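Take a look at the structure below.
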2 protein chains.
Amino acid sequence: MPHAVVTQSPEAILQRHLQERGLKQTRQRSLIVSIFLATGGHLDVDQLLATVRRTDPKVSAATVYRTMKLLTELGIAHAQQFGDGHTRYESAVDRHHHDHLICTVCGKIIEFENDRIESLQDAVARRHGFTVVHHKLELYGRCSECAAR
Amino acid sequence: MPHAVVTQSPEAILQRHLQERGLKQTRQRSLIVSIFLATGGHLDVDQLLATVRRTDPKVSAATVYRTMKLLTELGIAHAQQFGDGHTRYESAVDRHHHDHLICTVCGKIIEFENDRIESLQDAVARRHGFTVVHHKLELYGRCSECAAR
DNA sequence: CTCAGTGCAAAGTCTTTGCACGATT
DNA sequence: AATCGTGCAAAGACTTTGCACTGAG
């Protein structure tokens with residue numbers, strides 16, 4: 001039999017946060033969140049807006065910016081900068097930490113995790129008296145397909 | 001007795017590159033480069049411009065942008081993004097690779113290097129068929145002084 | 001019915017660029 | 001003298017914000 005306490009769906013988390021803050025659940029917000037979560041991440045605002053507009057062409061960029069900012073504050077999304085001038089977002093729900101391999105030719109982004117690297121990072125920080133809150137590890141290069149060309 | 005072949009000074013490197021390309025050595029370029037190298041790095045354009053203007057108040061931001069772009073192309077400077085929306089530069093002359101610890105309270109930036117982390121990164125990349133060209137490892141948190149408060 | 005949300009356009013940052021004048025080779 | 005470089009202002013790219021209207025609770 002299924003466990004009684006299941007992880008809340010992102011939609012439920014969103015709804016709870018909205019209610020707690022007296023914020024409203026709107027058509028636009030629901031649409032943006034569901035597309036954001038369905039697409040899987042590393043999306044920038046342009047991509048998200050384009051997808052959203054396939055369903056509702058009247059949604060504005062400002063609303064997407066505002067919604068993603070809200071999701072970030074609520075801990076549902078993480079903002080990330082890969083240095084191309086576009087803020088990208090990925091889901092923060094039911095995910096543990098991971099880092100990124102980024103193909104500079106085709107733009108492909110691969111996620112990975114490596115506990116030994118994490119431990120070494122902690123050791124380095126400790127040695128310098130730092131308390132690390134978060135970190136960023138990005139490996140830029142060519143994926144196998146692009147290297148083959 | 002000193003070695004006959006010494007590492008060229010950054011100024012000499014700059015001058016050689018300029019000559020090779022038929023570019024000119026100007027008062028502004030010399031000033032910006034010497035201040036950039038003397039200050040030690042992790043400077044953004046605002047800080048650099050402010051310092052430069054203490055010596056020559058008429059230097060424009062455009063010139064600083066253009067000069068730093070040039071230095072980056074020549075391999076004398078590296079541009080870096082720490083996520084605050086300001087491009088920062090550090091000297092690339094006579095330096096090997098290193099990563100950064102960044103205090104999110106006071107802005108202090110500490111450099112470190114760790115060969116074991118580098119090896120593990122290479123291993124991860126290899127496992128994914130990636131050829132890594134460069135990488136970025138940044139640990140964000142509180143330095144000992146800011147943590148004490 | 002009230003207050004938050006949306007769309008639009010304007011404004012804000014940081015950075016780049018067109019142009020005429022100025023400086024280096 | 002011929003070019004490249006500079007300063008200034010305008011233009012760009014991305015993001016935020018003011019305002020009046022719309023819509024959720």
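Keep in mind that what you see is a predicted model, and the values were worked out from it rather than measured. We name chains A, B, ... by the order of the sequence lines, and we start the count at 1 in each one.
Here D/dG5 is the nucleotide among D/dG5, C/dG5, C/dG7 with the atom lying nearest to any side-chain atom of B/Thr26. Picking from D/dC4, D/dT17, C/dT15 the nucleotide with the shortest atom distance to the side chain of B/Thr87 gives C/dT15.
OP1 or OP2 of C/dG5 lies within a sub-4.0 Å distance of a side-chain N or O belonging to A/Arg29. In this structure, A/Tyr65 does not reach the D/dT16 phosphate: none of its side-chain N or O atoms is under 4.0 Å from OP1 or OP2. Close to C/dG5, at under 4.0 Å from its OP1 or OP2, lies no side-chain N or O of A/Thr63. At least one side-chain nitrogen or oxygen of A/Gln28 sits closer than 4.0 Å to the OP1 or OP2 atom of C/dG7.
With hydrogens and angles left out, the side chain of A/Lys58 and the base of C/dT6 share no donor-acceptor pair within 3.5 Å.
For A/Leu48 and D/dC14, the CG to P distance is 15 Å, given to the nearest whole Å. Rounded to whole angstrom, the span from the CG atom of B/Asp46 across to the C1' atom of C/dG12 amounts to 14 Å.
Residues A/His98 and A/Glu90 bring a donor and an acceptor atom of their side chains to less than 3.5 Å of each other.
No side-chain heavy atom of B/Arg29 sits less than 4.5 Å from a side-chain heavy atom of B/Thr63.
In this structure, the ring of B/His97 has its center no less than 6.0 angstrom from the ring center of B/His134. Remark: aromatic rings of B/His42 and B/His100 are close, center separation under 6.0 Å.
A residue-by-residue look at A/Arg88 and A/Leu23 shows that A/Arg88 has its nearest nucleotide of DNA chain D further toward the 5' end.
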